[in-house]
Amino acid sequence: MTRRTTAALVAALALTGLTGCSDDGSPSSVASKVASAASRAGDAVSSATAEAGRRFDDIRNGVDAEDDVRLGSPATASDGRTTVAVTVANSAGSVKSFAVQVDFTDGTGKLLDAVVVTVADVPAGGSGKGTARSTHDLSGDVRAKVSRAVRY
């Protein structure tokens with residue numbers, strides 16, 4: 001964890017009053033609470049990436065399609081979630097579906113969230129659209145990248 005992330009967690013905990021939840025306001029107690037909050041954030045990312053992996057494990061006879069995927073610019077929706085438009089191009093000679101893993105990262109490349117978007121029934125030679133939506137609120141300089149994509 002970076003110093004900036006740790007400092008932000010400490011500030012957030014102090015502002016929300018979590019550092020005063022018990023009679024023990026010792027530095028070790030505060031540090032424990034910060035570590036616990038950081039662990040929960042890390043667990044959310046681990047859970048999202050594990051779910052993405054399971055979704056790809058279910059696909060049979062898929063072909064790498066990362067070069068056939070384009071992402072728009074990330075935006076924050078009214079519910080606080082980050083969204084990004086996903087466009088796929090089907091260069092195959094028949095109708096195909098696509099599974100696209102979109103990773104949301106911060107400006108330094110640190111993974112914040114991962115989601116899988118399915119764009120179904122894209123006609124031969126045509127394109128299809130979908131929207132990737134983060135599983136939780138993201139803030140700061142959020143970027144999106146295609147981690148993997150499969151046409152099947």
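Along the sequence shown, residues are numbered consecutively beginning with 1.
Within a 6.0 Å sphere centred on CG of N61, heavy atoms belonging to other residues, nucleotides or ligands number 12 at most. More than 12 heavy atoms of other residues, nucleotides or ligands sit less than 6.0 Å from atom CG of D64.
Between F98 and Y152, the closest heavy-atom pair is C-CE2, 3.9 Å. Residues A124 and G93 come closest through the heavy atom pair CB-C, 3.5 Å. For the residue pair A92 and R151, the shortest heavy atom distance occurs at CB-NE, 3.9 Å. Closest approach of A99 and V116 over heavy atoms only: CB-CG1, 4.4 Å. Across all non-hydrogen atoms, the minimal contact from G62 to V150 is CA-CG1, 3.2 Å. Taking both residues in full, the closest heavy atoms of A144 and P74 are given as N-CG, 3.8 Å, listed atom of the first, atom of the second, then distance.
Distance check: L138 CG to T82 OG1 gives 4.0 Å after rounding to the nearest 0.5 Å. One finds the CG atom of D68 at 12.5 Å from the NZ atom of K96 (value rounded to the nearest 0.5 Å). If you take OG1 on T83 and CZ on R133, they are separated by 8.5 Å, rounding to the nearest 0.5 Å. Between the CG atom of L112 and the OG atom of S139 there is a distance of 8.0 Å, given to the nearest 0.5 Å.
A salt bridge does not link D106 to R143: none of the charged nitrogens lies less than 4.0 Å from a carboxylate oxygen.
Judged by distance alone, the side chain of S97 and the main-chain N or O of D121 form a donor-acceptor pair under 3.5 Å.
Residues V115 and F104 meet the side-chain proximity criterion, which asks for heavy atoms closer than 4.5 Å. Within the 4.5 Å cutoff, no side-chain heavy atoms of V122 are placed close to those of V95. Contact check for V88 versus V69: side-chain heavy atoms found under the 4.5 Å cut-off.
Neither side chain, T105 nor D103, offers a donor N or O lying under 3.5 Å from an acceptor on the other.
The one candidate from K145, E66, R148 that meets the side-chain hydrogen bond (donor to acceptor under 3.5 Å, both in side chains) condition with Q101 is R148.
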